[in-house]
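Here is the naming used below: chain letters follow the sequence lines, and residue numbers restart at 1 for every chain. Hydrogens, waters and symmetry mates are skipped; everything else that's a heavy atom, side chains included, is used.
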Protein chains: 2
Amino acid sequence: MKTLKYSRQRESIKNCLMNRTDHPTADALYLSIREEFPNISLGTVYRNLKLLSELGEIARFSCGDGSEHFDYVTEPHYHFVCKTCGAIIDLPQSLVHKTEELMTGPAPGRVDSHTIFFYGECSECQQKIKIIC
Amino acid sequence: MKTLKYSRQRESIKNCLMNRTDHPTADALYLSIREEFPNISLGTVYRNLKLLSELGEIARFSCGDGSEHFDYVTEPHYHFVCKTCGAIIDLPQSLVHKTEELMTGPAPGRVDSHTIFFYGECSECQQKIKIIC
DNA sequence: ATGCCTGCAAATCCTTTGCATTCCT
DNA sequence: AGGAATGCAAAGGATTTGCAGGCAT
């Protein structure tokens with residue numbers, strides 16, 4: 001079993017992630033945390049995020065925008081990704097159960113988990129006036 | 001409208017991708033193509049894959065393993081990812097229609113598309129004897 | 001005191017880009 | 001000829017890692 005020793009930095013990373021619902025990247029988290037710990041290093045943020053996701057305390061996923069995102073919510077759920085502003089929004093968990101029923105079908109092996117990303121435009125962005133270039 | 005001038009390299013990239021069902025990365029494709037074009041450069045492969053995916057001739061996705069994968073099949077379909085060997089296997093298109101019905105529900109905006117990744121272990125890997133370290 | 005954790009910087013991996021040259025049309 | 005496309009190498013962004021010193025137990 002892995003031994004984890006307390007560290008203020010890791011504590012603050014967990015807290016920061018817990019208080020956000022925007023699924024930040026390592027760098028976004030780093031920028032927030034620097035307000036409390038001006039000396040924290042990006043490497044420490046990466047190291048702890050990796051550690052915590054390996055322990056299953058947080059979730060990690062990539063939605064295709066080039067960097068990894070992190071989530072304090074580890075229960076299975078889906079995400080909506082706005083192509084315009086990049087927002088990542090949680091979808092209700094009830095969808096997961098319905099989807100699981102669908103794939104009890106023809107999987108080429110044992111399925112342990114699955115993720116869904118929906119891509120579109122969030123309602124906020126839809127309301128903005130579009131400038132045609 | 002974008003003008004595309006013929007090039008042997010791009011032709012070979014398309015052909016190579018068409019003949020594979022393993023959803024290669026840019027680098028994997030590069031290694032294959034080098035057998036026919038020993039002088040092709042990795043940059044050219046990346047440039048053409050980017051171009052072709054922007055034109056919608058091929059599909060591009062990331063499944064969380066750190067690099068982008070490419071697919072000659074552009075019709076919507078889902079993927080099964082083996083956690084053990086990394087294989088990426090196509091799932092039947094029929095699932096897509098069923099899933100679309102599920103999310104006509106509570107999306108926080110306009111949904112244009114979606115992707116699903118199933119993670120597990122493919123039947124081949126399941127059959128292999130596991131060595132306990 | 002021991003060993004995990006940190007900050008820093010260098011290293012690595014993946015992808016894009018600038019430039020001079022070559023290849024299509 | 002003129003404009004794309006290429007090869008090469010350098011640059012860029014994201015993430016990991018090596019190391020010496022610091023902190024928790």
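Here the P atom of nucleotide D:dG13 and the CD atom of A:Glu68 are 18 Å apart, to the nearest Å. Remark: P of D:dG7 and CG of B:Asn48 are 9 Å apart, rounded to the nearest angstrom. As rounded to whole Å, 11 Å separates atom P of D:dG7 from atom CG of B:Leu42. Summarising the geometry, the separation between CG on B:Leu51 and C1' on D:dA4 is reported as 10 Å, rounded to the nearest angstrom. As rounded to whole Å, 14 Å separates atom P of D:dT15 from atom CD1 of A:Ile13. Taking atom CG of residue A:Leu52 and atom P of nucleotide D:dT16, one finds them 13 Å apart after rounding to whole Å. Between A:Leu31 atom CG and D:dA14 atom C1' the separation is 14 Å, expressed in whole Å. Atoms OH (A:Tyr30) and P (D:dG13) sit 16 Å apart, rounded to a whole Å.
Among the protein residues, A:Arg34 comes within range of no part of the nucleic acid, since none of its heavy atoms lies under 4.0 Å from any strand. When heavy atoms are screened at a 4.0 angstrom cut-off, A:Asn39 is found touching the sugar-phosphate backbone but no base atom.
If you run side-chain contact (heavy atoms from CB on, under 4.5 Å) between A:Ile33 and each of A:Leu42, A:Thr44, A:Ile40, A:Leu17, only A:Ile40 comes through.
Along DNA chain C, the stretch of nucleotides lying under 4.0 Å from any heavy atom of chain B spans, 5' to 3', C:dC14 to C:dT25.
Checked by atom type and distance alone, the side chain of B:His69 pairs as donor or acceptor with a backbone atom of B:His23 at under 3.5 Å. Here the side chain of B:Asp27 pairs no donor or acceptor atom with the backbone of B:Leu29 at under 3.5 angstrom. Between the side chain of B:Asn39 and the backbone N or O of B:Ser41, no donor-acceptor pair lies under 3.5 Å. The backbone N or O of A:Lys5 lies less than 3.5 Å from a partner atom in the side chain of A:Arg10, making a donor-acceptor pair.
Nearest-nucleotide assignment on DNA chain C puts the 5′-proximal partner with A:Val45, out of A:Val45 and B:Asp65. The residue among A:Thr25 and B:Arg10 whose nearest nucleotide of DNA chain D is located toward the 5' end is B:Arg10.
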Apply side-chain contact (heavy atoms from CB on, under 4.5 Å) to residues B:Tyr30 and B:Arg34 and explain how you reach the verdict. CA-CA 6 Å; B:Tyr30 167 67; B:Arg34 251 157 66 115; 2.8 Å; yes

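Nearest heavy atom pair, residue A:Phe37 against residue A:Ser12, reads CE1-CB, 3.4 Å.
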Protein-proximity profile, nucleotides 17-25 of chain D, B/S/- by nucleotide at the 4.0 Å heavy-atom cutoff, equals BB-----BS

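Ring centers of A:Phe80 and A:Phe117: at least 6.0 Å apart, outside the cut-off.
In this model, no donor atom of one side chain and acceptor atom of the other lie less than 3.5 Å apart for A:Tyr72 and A:Thr21.
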